[in-house]
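Working notes, beginning with the structure itself.
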Amino acid sequence: MYGQIVRDGLVNVTGIEDLGLTSPVLQRTSDAFFKEISPFLLHFGMFVPTIIGQCTPEQQAKWLPLAMDLKIIGTYAQTELGHGTFIRGLETTATYDASTEQFILKTPKLSSYKWWAGGLGKTANHCIVLAQLYTKGVCHGPHPFIVQIRDTETHMPLPGIKVGEIGPKLGFNTADNGFLGFEDFRIPRENLMMKNAQVTKDGTYVKVARHGKLTYGTMVFVRVMLVSDMAYCLAKAVTIAVRYSAVRRQSQPKPDQPEPQVLDYLTQQHKLFICISTAHAMKLTSTWLWNTFTGVLADMRDGNTDTLPELHALSSCLKAISTSDTSALIEQCRFACGGHGYMYSSNLPALYSFATATRTYEGDYTVLLLQTARFLVKSWEQMDEGKPLTPTLAYLEQSRNGSQVSWDDSPEGIVRGFDAVAAGRIGACVKSIRKHINNGMDYEDAWQMTTVQLVGAAEAHCRAVICRVYRDETARLTAGCSPGVKAVLDQLSTLYLLYWALERTGDLLRFSSLSERDIENLQARYEALLLKIRPNAVGLVDAFDFRDEVLMSTLGSYDGRVYERLMEEALKTPLNREPVSDSFHKYIKPMMQGKL
Ligand SMILES: CCCCCCCC/C=C\CCCCCCC/C=C/C(=O)SCCNC(=O)CCNC(=O)[C@H](O)C(C)(C)COP(=O)(O)OP(=O)(O)OC[C@H]1O[C@@H](n2cnc3c(N)ncnc32)[C@H](O)[C@@H]1OP(=O)(O)O
Ligand SMILES: Cc1cc2nc3c(=O)[nH]c(=O)nc-3n(C[C@H](O)[C@H](O)[C@H](O)COP(=O)(O)OP(=O)(O)OC[C@H]3O[C@@H](n4cnc5c(N)ncnc54)[C@H](O)[C@@H]3O)c2cc1C
């Protein structure tokens, strides 16, 4: 199993070298090799980006060629058995010894073991280690170090290194996630990644970066990338489910009619068409977020970190919501395929296990939404002080006078409705925090007592951002399209707005003049739109243009030979090599004969 995985991984990363080892190329071609992920994902997805983001030019000149030529294989070891979210609580230490100009890495106790890093178990021979940096008796917090953990010739763990695989998981079972412990393991001073902070030969700590959280830059990059990854993952799942729903015929609503395609059931359309729409919404939002990210990087290259807080808030909530929506909607695709959706050969289980993991790694859902909420509350307070709001929060101004937004059921009106919900929920959180403080709580306790509402406010803000970006980007990108294409893509973005308006009627009743009659109108429009989209449903998923080798699905292959493929896969099962398993003779027969 592992040997095959490594072979496929290497064919992937070396066989396409002439195409250029860019992230998107690697990411997309790796899907033709793995139902889940490559053991080299962390090498290209975090090890290389961290060298670029955290090393000085001199350090990059040393490490980047080695990494890009796969002379070293790396991963990113930050999480420990005892800490993942709370990075400031990490226990691994790196203590500077000026007499030898080395850092001594230590794993003080079991909970300090690095745990989870992809590729760490048996594949990587180097890794980025986040450790508490001590010099001259002072702790300066978590810093990144580049550490060789295995001999590059023998692949044996180096003396003082304890490393291994963490074992089977819900999914990601081709990721080779590992554990890592250090016993007074020494590395050269130069292995501290020194772009944002340095330690001189005599042990003096020098802070370089103006912003205290640039060490967390790789996580922001990955969160931005994951939004696009989720769009791609969901597009694969809905391609499988819609194609299967066009093939599958079931039940007989009318006695004298043949069994219909299950795709003709309105409930099936309700399950699946939001998935098509959401894949588009997340793809367009991810491109918008990527452009925002590169803009902030450019600002930071000019020494300006003012736009970083908004990027952190955006990447946090968009990563949280895109992974949560994708996990839920891929499971919905699985539900839509009945029993055959539960077959591993459908590829829906693997797609689900990948997406649901992504809801956790690179920042847990709740924790990241609370990060966004922190930014929203601070922005509200700045608005109260008359300070300007950042672009994505301009809608807060409308709530300043507290008047209720009048409901307008046009697409643009619905977008404004979601702005009103977000503004209203943020305002309610600020009111709650202030009430608790007035009742004698300190700020931290008042914040904690409001966190359930704060998570909801951050979700509402994110939904408002997605709705606005999806609507605006669809209009912009279809401006030059044929009327037919323009109409279908407009239907999809309208469906997204109607779907979420119906999901959030409570909020819209609370923060706008939405009435019961308006809700009835929304429901009727939504159902009529499902019927309009039905004729184009298969064409819309075909337009995602996934080859069968990438979909890897008995249910979603282009030729629709579902039952033949299911049987072909079944016959490949090892248990079918012999008509009678030897377990019959060992256990079942003796049991039947009363001899067990
Ligand atoms: C060959 C095959 C294919 C190759 C493909 C290649 C390309 C693929 C590209 C991408 C896909 C790659 C996928 C890789 C797979 C990933 C596997 C998983 C990896 C991991 O999980 S790595 C570990 C991730 N861990 C986390 O995310 C931990 C989450 N915790 C935190 O982020 C923080 O600890 C915290 C923010 C939750 C809390 O920290 P703390 O208490 O210290 O901070 P606060 O007090 O809340 O805030 C203080 C202050 O800092 C600001 N802040 C916090 N974080 C950031 C940040 N990241 N950036 C900027 N600012 C930040 C925060 O806003 C506060 O500011 P203010 O005080 O309010 O001003
Ligand atoms: C498939 C997979 C791959 C991974 N790969 C890597 C890797 O390559 N490298 C790496 O370093 N790590 C990796 N991780 C680890 C991952 O980054 C962490 O699991 C993630 O950051 C969550 O942290 P945790 O596990 O400590 O969860 P915890 O934070 O302990 O979460 C447990 C519960 O506590 C809640 N919680 C925690 N803090 C707060 C708070 N402040 N307020 C409210 N609720 C809170 C959470 O919401 C959650 O409900 C991987 C994880 C997975 C699942």
Side-chain angles (χ1 to χ4, degrees), residues 8-10 12-14 16 21-31 33-34 36-50 70 75-90 114-120 124 127-130 141-142 166 169-173 175-178 180 211-229 296 300 305 308-313 315-316 319-320 353-354 356-375 377-379 447-448 451-452 454-455:
D8 290 348
L10 286 175
N12 171 212
V13 297
T14 52
I16 55 167
L21 293 181
T22 58
S23 297
V25 167
L26 277 168
Q27 228 168 342
R28 298 296 68 102
T29 50
S30 73
D31 284 300
F33 291 86
F34 299 97
E36 291 182 347
I37 74 161
S38 162
F40 298 96
L41 176 62
L42 263 293
H43 177 81
F44 287 100
M46 293 194 80
F47 184 71
V48 168
T50 306
L70 285 166
T75 182
Y76 184 90
Q78 174 176 293
T79 304
E80 296 172 352
L81 264 175
H83 288 92
T85 287
F86 189 49
I87 300 172
R88 285 186 290 134
L90 291 174
K114 293 301 178 184
W115 190 274
W116 273 116
L120 178 60
C127 68
I128 310 289
V129 173
L130 269 292
I166 64 172
K169 306 166 289 277
L170 186 154
F172 254 67
N173 284 303
D176 181 29
N177 299 94
L180 171 66
H211 194 287
K213 296 294 183 179
L214 296 187
T215 304
Y216 296 176
T218 303
M219 290 183 280
V220 176
F221 160 72
V222 174
R223 290 166 189 160
V224 170
M225 295 292 284
L226 289 175
V227 181
S228 171
D229 251 16
V296 171
M300 293 200 320
T305 58
L308 181 57
E310 183 172 42
L311 173 66
H312 171 50
S315 59
S316 293
K319 184 268 180 187
S353 70
F354 175 82
T356 194
T358 312
R359 193 184 190 276
T360 299
Y361 70 63
E362 218 61 62
D364 159 81
Y365 173 86
T366 304
V367 162
L368 291 186
L369 285 181
L370 288 173
Q371 283 295 301
T372 300
R374 182 179 173 128
F375 176 75
V377 167
K378 286 182 79 169
S379 300
W447 172 271
Q448 285 302 329
T451 45
V452 172
L454 286 162
V455 168

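First listed ligand is number 1; within each ligand, the first listed atom is number 1.
Ligand-side atoms of ligand 1 in range of K378: 66 (P), 68 (O), 69 (O), range being under 4.0 angstrom from any heavy atom.
For the ligand labelled ligand 1, residue H43 lies outside the 4.0 Å heavy-atom shell. Under the 4.0 angstrom criterion for non-hydrogen atoms, G84 is in contact with ligand 1. For the ligand labelled ligand 2, residue K169 lies outside the 4.0 Å heavy-atom shell.
An N or O contact shorter than 3.5 Å is missing between T75 and ligand 2 by distance. Where the criterion is an N or O separation shorter than 3.5 Å, residue side chain and backbone included, L370 fails it with respect to ligand 2. For H83, no nitrogen or oxygen atom sits less than 3.5 Å from a nitrogen or oxygen atom of ligand 2, counting backbone and side chain alike. In terms of polar-atom proximity, W115 is not counted as a contact of ligand 2, lacking any N or O under 3.5 Å from an N or O of the ligand. Distances between N or O atoms of A77 and those of ligand 2 include no value under 3.5 Å. Looking at T85 next to ligand 1, an N or O pair under 3.5 Å apart turns up.
By the criterion of a heavy-atom distance under 4.0 Å, both the backbone and the side chain of W116 are placed next to ligand 2.
Considering L81, D364, I128 only, the shortest heavy-atom separation from atom 48 (C) of ligand 2 involves D364. Closest heavy-atom approach to atom 39 (C) of ligand 2 among the candidates I87, I166, V367: V367. Counting heavy atoms only, Y76 comes closest to atom 9 (N) of ligand 2 of the residues Y76, F86, Y361. Of the listed residues (M225, R88, Q371), the one carrying the non-hydrogen atom nearest atom 38 (C) of ligand 1 is Q371.
When only non-hydrogen protein atoms are considered, atom 29 (O) of ligand 2 lies nearest to T85 OG1, 2.5 Å.
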